[in-house]
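Just so you know, these numbers use all the heavy atoms, side chains as well, and skip hydrogens, waters and symmetry mates. We number each residue from 1, following the sequence as shown.
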Amino acid sequence: MASKPARSDRQMPSQASPDGEARAAQLRAANINPRTGLATDYLNHFNEAIMLLEMIPDIPECAEDFLLWYPLSYREHFMASHFKARDLAIEAYESADAGIRAEFDNITSAMTSILTAVGAAMRKVRQDKTHATLAEQATGWVKPLVALAGGIINGGAEADVDYIMTH
């Protein structure tokens, strides 16, 4: 299911003003996209689960490691992390455009649902072959969603064109 890149009628603070430029520089230095207010670091939470799922077909014991994975919201992820600018990441997320944040949250919610459902299914079966099949299916579903979420974080192609045209 393809998703259209987020488009917002609300503009991010003007980067032409000294305050806007300073804020954008602060966000960039913290690896937070100044146009979206989102950080790719949150995707590491999902990439960890994908990495474990990808290992299950070759190393069946990794299923137990995957079953230790649990969902974290954006805020929970940063509160539990050692991310140097975690408070800034949370504040930027909370002040991000509501449309962008809703699209991002919908995708991360879908990833969380898939991963928790696969975990529940794995807990009900004992066969390594079934674990491997579930892992391969989940990876195929979640990886494209991580890419979509990354596109939203980075503003998508449309946002890049808008930014270039206004600067």
- Message: How close do A92 and L27 get, counting heavy atoms only, and between which atoms?
- Response: CB-CD2, 3.9 Å

- Item | Within-4.5 Å side-chain heavy-atom neighbours: F66 and L115 | yes

- Can you tell me if T36 uses its side chain to pair, donor with acceptor, with the backbone of I153 under 3.5 Å? yes

- Message: Is any side-chain heavy atom of T116 closer than 4.5 Å to one of P71?
- Response: yes

- Query: Rounded to the nearest 0.5 Å, what separation is found between the CG atom of N106 and the CG atom of L148?
  - Reply: 11.5 Å

- Query: Heavy atoms, side chains only, cut-off 4.5 Å: are P57 and E136 in contact?
  - Reply: yes

- With distance as the sole test, does R35 use its side chain to make a donor-acceptor pair with the main-chain N or O of G155 at under 3.5 Å? no

- Query: A85 and A30: which non-hydrogen atoms are nearest, and at how many Å?
  - Reply: CB-CB, 3.5 Å

- Query: Between the main-chain N or O of H45 and the side-chain N or O of W69, is there a donor-acceptor pair closer than 3.5 Å?
  - Reply: yes

- Hey, what else clusters with L72 if you join Ile, Leu, Val, Met, Phe, Trp, Tyr whenever side-chain heavy atoms sit under 4.5 Å? Y70

- Residues I107 and A149: closest non-hydrogen pair is CG2-CB, 4.0 Å

- Query: In Å and rounded to the nearest 0.5 Å, what is the OG to OH distance from S73 to Y42?
  - Reply: 6.0 Å

- Could you label the plane-to-plane angle of the F78 and F83 rings as parallel, tilted or perpendicular, counting under 30° as parallel and over 60° as perpendicular? perpendicular

- Query: Is the closest side-chain heavy-atom distance between M55 and D65 below 4.5 Å?
  - Reply: no

Side-chain donor-acceptor contacts of residues 118-128 below 3.5 Å, not counting sequence neighbours, with atom names and distances?
unit_1 : atom_1 : unit_2 : atom_2 : d
R123   : NH1    : G119   : O      : 3.2
R123   : NH2    : L67    : O      : 2.7

- Does the pair E54/K143 count as a salt bridge with the N-to-O cut at 4.0 Å? yes

- Query: Say you draw a straight line from CD1 of I114 to CG of L145; how long is it, rounded to the nearest 0.5 Å?
  - Reply: 5.0 Å

- Query: Counting only heavy atoms not in E64, do more than 12 sit closer than 6.0 Å to its CD atom?
  - Reply: no

- Does a side-chain heavy-atom distance below 4.5 Å link T133 with T130? no

- Query: Does A39 offer a backbone N or O that forms a donor-acceptor pair with the side chain of Y74 under 3.5 Å?
  - Reply: yes

- From M79 atom CE to I90 atom CD1, the distance as rounded to the nearest 0.5 Å: 5.0 Å

- Residues A29 and K84: closest non-hydrogen pair is O-NZ, 3.6 Å

- Atom pair CD1 (I152) and CG (N33), whose distance is rounded to the nearest 0.5 Å: 12.0 Å

- Message: When you compare the side chains of D105 and Y93, does any donor N or O come within less than 3.5 Å of an acceptor on the partner?
- Response: yes

- L38 side chain near I100 side chain, heavy-atom distance below 4.5 Å: yes

- D41 and H77 side chains, donor-acceptor separation under 3.5 Å: yes

- salt bridge (Lys or Arg N to Asp or Glu O under 4.0 Å) between R101 and E94, intermediate numbers included: CA-CA 8 Å; R101 200 173 61 237; E94 290 174 351; over 6 Å; no

- Message: For the CG atom of L52 and the CG atom of N47, what is their distance to the nearest 0.5 Å?
- Response: 11.0 Å

- Item | Side-chain heavy-atom pair T40, N154 within 4.5 angstrom cut-off | yes

- Item | Residues R23, E91: salt bridge by 4.0 Å N-O rule | yes

